[in-house]
Amino acid sequence: MELVYLWIEKHKNIEKQGFNLGSKFKCKYDYEKNELTIDENPNYIDIFPDNIKVNALIGSNGSGKSSIVEFILLSMLAYKGGSGTEIPSSGWLLIYDKKKEKFFIYLSDDVNPRLEKPKINPNYSKNYSEDLGKEKIFNILYNPSIEMSSTFITRYKDLAYLLYSDDQKPTDIANAFLFPDKTNGILDIRQAYNKYLLNMFKIKNNKEIDIKKVLNGIFKDKKNLEFIPHNIKISLNQSVLESRISNATVRNIVLQLKLSLSIESLKKYLFAFIISMNNQDNESDKIKTYFFKNEGSDLELELQELYHKPRVLNKDKNKFEGFVRELLSSSWIEEHLQNKKNLTSLFRENSNALHKDVYELAKLIDAMEKYRKLDLMKFKSGSDDELNDILSSLPSFIDLDVIDETGRHFSDFSFGEKTILSLIYSLIFYIDFYHKDGKEIFNIILDEAENGLHPLWQKELFNLIIKLLENFKDLKFLLILTSHSPFIISDIPNENIIFLKDGKQVYPDINTFGANIHTLLANAFFMNNGLMGNFAKEKIDNVINILKKPWLNNDEIKGCENIISLIGEPILKAKLRQMLNDARIHKIDEIDIIKNDIKKLEKRIQELEEND
C-alpha cells in the first residue's frame with residue numbers, strides 16, 4: 001500500500017494544488033474536467049522493504065510541510081464524535097494497494113459538499129475502487145515540538161485530549177494517536193518523559209516481544225544503547241517541592257518534618273498544597289470551586305471544612321503556624337483518610353501547575369492504596385496495571401528513573417540517546433498495542449523527528465526506524481517524514497521526496513540518495529545564500545569593503561587582520577590575505593611616493609632659498 005497523489009482544494013494557506021507523493025506512479029489532475037491521469041513512473045526504483053513505503057516532505061519553514069501532514073492525517077482520520085470550530089478543508093488522497101492492484105480515494109470535504117471523486121484515465125479505471133476502509137488503518141504522529149498542531153485544537157476540540165492522552169483509549173473512537181503527550185496542546189516534558197519510561201517497562205514485560213533481540217538488530221553497532229529496564233528508581237525532588245508550596249509557613253513546616261514518599265507523607269503533601277492556598281482570605285471561597293468537584297459527599301464536606309479552618313486564623317501568624325504544624329505532625333490525616341476510597345473523585349482535573357499536583361497526588365494515593373504499596377521509594381517494578389496507575393500519576397516533585405541489570409541509569413544517557421531510545425520503545429509499544437486491536441496498516445508520521453539531535457544521531461535516525469519496522473513483517477507501513485536535515489535527506493531517493501516551496505511542489509535538479517551533505521546544502525533549494533552564517537558573512541563583507549578603499553589607516557588594517565585570522569574556509573582566507581597584503585603594499589608604495597615628493601619639494605625650496 002502506498003500514497004500516490006494528493007489534491008488539496010483548500011487547506012490553510014494551500015489552495016488548488018496537487019502533489020505527487022513519491023510512488024511508482026506519476027499523476028496529473030485537470031481541475032476543470034475533474035480528470036486524473038495516472039502513468040507509470042519510469043524513474044521509480046523501490047529500495048525499501050516490501051511492507052514499508054517511504055515519503056519525505058522537504059522544504060523551508062512556511063513551505064507547507066505541516067499543512068500537508070495535517071491534511072493527510074485528516075483525510076485518513078476515522079473519528080466518531082463531535083467537532084469544534086472547523087478549519088475548512090477540502091480535497092482527496094489517492095492510495096494504491098499493490099496486493100489488490102487497486103486505487104482508493106479518501107475524500108476530505110468541508111468546503112464544497114459537492115466535491116466529487118475524480119475520473120481516472122481509461123487504462124487504470126478498471127483498478128478504481130471504493131474506499132479501502134479507514135478502520136484498517138492506524139495513524140501515529142510523532143511531533144516533538146512544544147506545541148500541538150493548531151488544526152487539532154480548533155477543528156477537533158474534543159478529540160485533542162484523546163489524541164494526546166492515555167494510550168489505552170479504545171481505537172473505535174479515533175484511528176489516530178499522537179505523541180509525546182501535550183496537555184491543552186502544550187508539551188509536558190515531565191509527563192512525556194515518564195510515559196516513555198512506562199512504555200519501556202511495558203515492552204520489557206511483553207512476553208510476545210523479544211526486546212533484547214529487537215534492540216540488538218536495531219543497535220547492531222551501538223551496543224551501549226541496548227538498554228532494557230530492570231528496576232525503577234523514584235525519588236523526591238526537594239527544589240521542585242519547595243517551589244510548589246506557595247505559603248512560606250507551610251513550606252518551612254513541611255521541610256522541617258522531612259517527609260518521605262510513604263503513603264502517609266503523600267497525604268500530608270496533599271493537605272499542605274491546599275492549605276498553602278487557603279490561608280488567604282480572598283482565596284477561601286475560590287478554593288471550593290478551584291479544587292473540589294462539589295458533589296457533596298461526606299468526605300468532601302469534611303475535607304472542605306478542614307481546609308477552610310485557616311480562614312479564621314489568617315490574621316494570626318502564630319495560630320496559623322500552630323494549626324498547620326499540629327495537622328501535619330499528628331496522625332489525624334492518616335486516621336481520617338483511612339479506608340477512604342477514590343480520593344481522586346473529589347478533585348477537579350486541571351492543567352494549572354498547583355492544581356495538577358493536587359489531582360495527581362490524589363490519583364497516586366488511590367493507586368498506592370489499590371495495590372497496597374506503602375512507600376514509593378521501595379517500588380521497583382510491577383505488573384502493567386500497577387506501572388500504568390502509579391507511574392502515570394506522579395506529581396511534579398517526584399522524579400522517575402529506570403535502571404538496567406548492569407546498573408546503568410536511563411537518566412545518565414545523553415539527551416540524544418534518551419530521545420532515540422524513547423522513540424524506538426514507544427513505536428514498538430504503540431504498533432504492538434494497536435495491532436492487537438485489529439489494525440493492519442500503520443501510517444507513521446515523523447514530523448521533524450531530528451529536532452534536538454546531534455548530527456551523528458540525525459545520520460542514524462532513518463536507518464534505525466527502518467530496522468525497527470522490519471521486525472513487523474506481517475504489517476504494512478506508510479512512513480512519512482518531514483525534515484530539514486541533510487543527513488536524513490541523503491538516505492532517501494529523489495522519487496520518494498516531495499520538495500516544497502511556498503505551498504507548491506517543485507522539482508530541483510538534485511540527486512539526494514547517498515549525496516554528500518555539503519553537496520545537498522550547496523544546492524540553492526536548501527541554502528540560496530551560501531553555507532556561511534550571516535553574522536560571519538556580514539563581518540567578512542565588511543572586511544572586503546574596507547580592503548576596497550584606496551587608503552587604510554592602521555586600525556583598519558589591524559581589524560581586517562584579526563577577522564581574516566579567524567576564517568576557516570581556506571580559499572576565502574587566502575584571497576582576503578592577498579587583498580590585505582596588496583593594501584599594505586599599496587600603502588607602502590603610497591608612502592614612498594609621498595616621501596619622494598617631499599624630498600623633491602624640500603630640494604626645490606632649498607634651491608629657491610639659495611637663489612635669494
Side-chain angles (χ1 to χ4, degrees), residues 236-238 240-281 283-295 297-314 316-350 352-369 373-377 393-398:
L236 177 68
N237 189 318
Q238 194 76 32
V240 175
L241 174 65
E242 292 179 30
S243 69
R244 284 293 192 260
I245 303 177
S246 58
N247 181 271
T249 301
V250 178
R251 180 169 58 248
N252 290 335
I253 292 173
V254 168
L255 296 178
Q256 290 167 14
L257 292 175
K258 296 182 178 179
L259 301 177
S260 64
L261 292 180
S262 66
I263 192 166
E264 292 85 357
S265 294
L266 293 176
K267 291 174 182 177
K268 291 180 180 180
Y269 290 133
L270 178 70
F271 277 62
F273 281 140
I274 298 179
I275 292 174
S276 71
M277 282 284 293
N278 202 33
N279 76 310
Q280 302 295 323
D281 182 66
E283 294 285 350
S284 293
D285 291 328
K286 179 182 174 183
I287 292 294
K288 256 188 179 182
T289 56
Y290 185 68
F291 284 113
F292 294 109
K293 286 184 178 178
N294 289 308
E295 294 181 350
S297 68
D298 291 341
L299 176 58
E300 183 177 349
L301 294 173
E302 291 173 7
L303 293 179
Q304 284 191 27
E305 182 180 351
L306 174 68
Y307 296 155
H308 284 277
K309 188 173 181 180
R311 186 174 189 179
V312 299
L313 305 173
N314 67 341
D316 190 324
K317 183 178 179 181
N318 291 331
K319 286 185 179 180
F320 175 71
E321 182 177 348
F323 164 76
V324 175
R325 189 177 298 279
E326 181 181 356
L327 177 66
L328 298 182
S329 302
S330 69
S331 60
W332 186 93
I333 294 175
E334 178 58 29
E335 292 172 358
H336 198 69
L337 294 184
Q338 192 172 18
N339 299 322
K340 300 289 186 181
K341 296 182 179 180
N342 203 8
L343 193 60
T344 313
S345 64
L346 303 178
F347 299 98
R348 296 177 182 274
E349 186 173 9
N350 193 289
N352 172 277
L354 176 62
H355 198 153
K356 192 171 183 181
D357 277 336
V358 169
Y359 183 79
E360 289 184 341
L361 266 171
K363 281 180 65 180
L364 180 57
I365 292 167
D366 283 343
M368 290 181 69
E369 295 276 16
K373 304 295 180 183
L374 300 179
D375 194 334
L376 273 182
M377 290 184 176
S393 304
L394 298 179
S396 62
F397 61 91
I398 297 179

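Remember, predicted model here, so these are calculated numbers, not experimental data. Numbers here simply count residues along the sequence, with the first being 1.
Of all non-hydrogen atoms in Ala272 and Val254, the two that sit nearest each other are CB-CG2, 3.8 Å. Closest of all the heavy-atom pairs between Ile365 and Ile263 is O-CD1, 4.0 Å. Closest non-hydrogen pair, Pro395 versus Glu360, comes out as CA-OE1, 3.3 Å. Here the closest heavy-atom approach between residue Lys267 and residue Glu369 is recorded as NZ-OE2, 3.0 Å. The two residues Met368 and Leu374 make their nearest non-hydrogen contact at CE-C, 3.9 Å. Contact between Arg251 and Ser246 at its shortest, heavy atoms only, is NH1-O, 3.7 Å.
Here CG of Leu361 is found 4.5 Å from CZ of Phe397. Values are rounded to the nearest 0.5 Å. With rounding to the nearest 0.5 angstrom, the CG atom of Leu364 is 11.5 Å from the OH atom of Tyr269. Remark: Ser265 OG to Leu270 CG distance equals 12.5 Å, nearest 0.5 Å. Taken from CD1 in Ile398 to CG in Asn237, the straight-line distance is 10.0 Å, to the nearest 0.5 Å.
In this structure, the side chains of Val324 and Asn247 stay at 4.5 Å or more apart for every pair of heavy atoms.
In this structure Thr249 satisfies the side-chain hydrogen bond (donor to acceptor under 3.5 Å, both in side chains) test with no other residue, sequence neighbours excluded. Ser243 meets the side-chain contact (heavy atoms from CB on, under 4.5 Å) test with Val240; sequence neighbours excluded. Remark: Lys268 pairs with Leu259, Leu328, Ile333 by the side-chain contact (heavy atoms from CB on, under 4.5 Å) rule, at least two apart or across chains. Taking Asn252 as the reference, nothing meets the side-chain hydrogen bond (donor to acceptor under 3.5 Å, both in side chains) condition, with sequence neighbours excluded. Residues meeting the side-chain hydrogen bond (donor to acceptor under 3.5 Å, both in side chains) test with Gln256, sequence neighbours left out: Arg325.
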**Worked verdict on Leu394 versus Leu376 for side chain to side chain contact (heavy atoms under 4.5 Å, CB included)** = CA-CA 10 Å; Leu394 298 179; Leu376 273 182; 4.2 Å; yes
